[in-house]
Amino acid sequence: MAWPIARQLAPERHLLRPTFTVLNTTRLLLAVHAVVFNVMRSDAIRHPWLVGGVGLVMLGWTGITWWTSSRESEPRGWFNCLDLAVTVGLVLSSELLLGPTTYERGYVPVTVDWHVAAPLAIAVSRGPRWGLASAALVGASTLALAPSWEPRAWSGGFAVCIIVWGVGQLVELVRAAIRERDATVARSTALAERDRVARIVHDGALQVLSMVEREGPALGPTGQRLSRMARNQETRLRAILQDRTVDIVDGDEPAMVDLVALLDAQSSDRVTVSTMAGQVMMPRGRASELMAAVSQALYNAQRHAGANAHAWVLVEELEGRVTISVRDNGVGMTPDAIATALASDRMGMRASIRGRLVDLGGTATLRSEPGRGVEWELSAPLGDPATSDIDSRK
């Protein structure tokens, strides 16, 4: 039984908010630099007043991006696209506003270096690949104004692509380091809490169960039955307390749990569990429903199969589906008894077992004969449910 620990806030959000503050400050400084640069070359510009208007647009758009990132942990995808479109549009206006001679003299667009900010923001929020693609688009737009093989025409755009890709990679490495640190802290906290609970349970419930197991046989048949039940519960409780598995649950993603570990916890002196050597990962919600059906089948075996009956659990995974067989060597059931039980939900068959498997998009097959025990075969897809079916046959 894995203990889930939820992270209420993804570590990326702790990282991205101050990162975008730095990016917005850089964008503002680059906008101011572009305005000053264009003022200093105003004598060579074809439309200096329009270039001044572009400077105001850059300053205004910088304020909008700052306001947007201050309200959210990171810009949304549509805003990144709009940011890139505004940047490319201003770059493409360079030749018209500056004049072809002025632009080809230094290949410095009207935005100067301000156009680097949008690809940087995309690299931080969407990853290095998207950042590199956006930087390549901006670089291509500057080169398209006056195509040339001269180094001054393309070297600046190439340098921007490398810088943007490097910043994106650096942010990804920091994100991974923070996730690993948070997972380690959460796991240590969970294990410490588990140890504290284990001490409390050991000093209370386990000692009571041990006393019932030890003194129960002296009370006759009822006491013997209580002794066996206490022994089974003590075994299962100890298995839960000794399990060191901890699930770190992200708020944005469904938690995955190991179905094999959950089934191993069902082992007792009357239940033998045979599992795979590896893991069978399943979303927590689906695994909980499947384990509830298995627990109901084992409860039925314990209650109705007979005092000396034994149960076996076998799990197999193939092509995205998991199949769990729950079999006992008890008194068994007749076909008429099976039909009656399924129709009336006696022994939890219809709702607790069959209903859960139907909801999971799986099947629950029941086989039994008098004197030969009962076998449930529970099969369900590991992921989203597909078509469901349920049959009960002899």
Side-chain angles (χ1 to χ4, degrees), residues 20 23-24 26-69 75-165 167-168:
F20 274 103
L23 280 177
N24 291 326
T26 302
R27 191 191 292 250
L28 177 61
L29 294 177
L30 289 176
V32 173
H33 170 259
V35 171
V36 173
F37 189 93
N38 287 327
V39 169
M40 295 181 66
R41 62 174 178 175
S42 59
D43 293 341
I45 292 176
R46 174 187 291 178
H47 302 291
W49 290 106
L50 292 179
V51 172
V54 170
L56 293 178
V57 171
M58 288 189 292
L59 291 171
W61 186 251
T62 298
I64 292 175
T65 57
W66 200 316
W67 178 78
T68 302
S69 61
R76 299 183 181 181
W78 66 267
F79 188 83
N80 287 134
C81 293
L82 182 59
D83 188 15
L84 185 61
V86 170
T87 300
V88 172
L90 293 179
V91 169
L92 291 176
S93 68
S94 298
E95 187 177 11
L96 176 63
L97 300 181
L98 299 176
T101 303
T102 301
Y103 180 75
E104 293 177 8
R105 187 179 301 164
Y107 290 95
V108 180
V110 68
T111 56
V112 190
D113 295 320
W114 180 84
H115 56 264
V116 179
L120 280 175
I122 293 175
V124 171
S125 60
R126 305 299 166 192
R129 293 184 180 180
W130 286 105
L132 179 60
S134 60
L137 179 60
V138 173
S141 65
T142 60
L143 185 61
L145 296 175
S148 174
W149 288 106
E150 294 185 20
R152 61 178 181 171
W154 55 265
S155 61
F158 179 77
V160 169
C161 291
I162 298 301
I163 292 172
V164 168
W165 178 83
V167 170

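FYI, side chains are in, hydrogens and waters are out, and symmetry mates aren't considered; it's all heavy atoms of this structure. A quick note: this is a predicted structure, and the numbers were derived from the prediction, not measured.
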Ignoring hydrogens and angles, write down the donor-acceptor pairs under 3.5 Å from the side chains of residues 28-39, residues two or more places apart or on other chains.
residue: N38; atom: OD1; partner: R41; partner atom: NE; Å: 3.0
residue: N38; atom: OD1; partner: R41; partner atom: NH2; Å: 2.9
residue: N38; atom: ND2; partner: A34; partner atom: O; Å: 3.2
residue: N38; atom: ND2; partner: V110; partner atom: O; Å: 3.0

*Is there a side-chain contact between V160 and V138, using heavy atoms and a 4.5 Å cut-off?*
no
What one should report as the nearest heavy-atom pair of F20 and S125 is CZ-CB, 3.7 Å
Taken in chain and number order and not counting sequence neighbours, the residues that satisfy side-chain hydrogen bond (donor to acceptor under 3.5 Å, both in side chains) with D83 are R27, W61
From the list V112, V116, T111, side chain to side chain contact (heavy atoms under 4.5 Å, CB included) partner of W114 resolves to T111
OG of S134 to CD1 of I122, rounded to nearest 0.5 Å, is 4.0 Å
Looking only at heavy atoms, the pair that brings V164 and G131 closest together is CG1-O, 3.3 Å
Heavy atoms, side chains only, cut-off 4.5 Å: are T65 and F79 in contact? yes
Rounding to 0.5 Å, atoms CG (L59) and CD1 (I64) come to a distance of 11.5 Å
Output for pair (L132 CG, W165 CH2), nearest 0.5 Å, gives 8.5 Å
Surrounding CH2 of W130 (heavy atoms of other residues, nucleotides or ligands, distance under 6.0 Å), is the total greater than 12? no
What one should report as the nearest heavy-atom pair of L96 and H47 is O-CD2, 3.4 Å
On a heavy-atom basis, the closest approach of P109 and S94 is CB-OG, 3.2 Å
